[in-house]
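In what follows, every heavy atom counts, from backbone to side chain, and hydrogens, waters and symmetry copies are set aside.
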Amino acid sequence: MQEGGGAGGVRRGIPVPEGVLDGQTVRYTEDELTTWRTAWEKQAGPTTGRPPAGPPEPVSR
């Protein structure tokens, strides 16, 4: 596997995860994506007022 297959760098003030190139697919770790999402949410500012998406609530049957 070749490292550094992702976009890399910084875009809109958000560090872009490097990922690992696997053929034509770039694979990211959960930590890389969590860090990126947290930075994105900070710079994105307020949203439409909807609550943030979370895990689905269990369905009682």
Side-chain angles (χ1 to χ4, degrees):
M1 279 190 210
Q2 179 183 359
E3 291 194 353
V10 176
R11 297 196 181 154
R12 297 184 184 182
I14 304 169
V16 179
E18 288 295 319
V20 175
L21 183 61
D22 180 11
Q24 294 183 359
T25 304
V26 179
R27 301 195 183 276
Y28 301 98
T29 65
E30 184 175 353
D31 286 344
E32 285 178 313
L33 294 177
T34 299
T35 300
W36 177 86
R37 181 177 176 184
T38 301
W40 179 85
E41 287 173 340
K42 279 185 180 178
Q43 75 84 35
T47 60
T48 61
R50 295 188 307 184
E57 294 184 23
V59 178
S60 342
R61 296 186 191 252

(message) Ignoring hydrogens, what is the shortest heavy-atom contact between Pro17 and Glu32? Give both atom names and the distance.
(response) CB-CB, 3.8 Å
(request) Go through the structure and list residues passing side-chain contact (heavy atoms from CB on, under 4.5 Å) with Thr34, not counting sequence neighbours. (result) Glu30, Thr38
(request) Measure the shortest side-chain to side-chain distance between Thr25 and Arg27 over non-hydrogen atoms and say whether it is less than 4.5 angstrom. (result) yes
(message) Looking at every non-hydrogen atom in both residues, tell me the closest pair between Ala39 and Ile14 and how far apart they are.
(response) CB-CG2, 3.8 Å
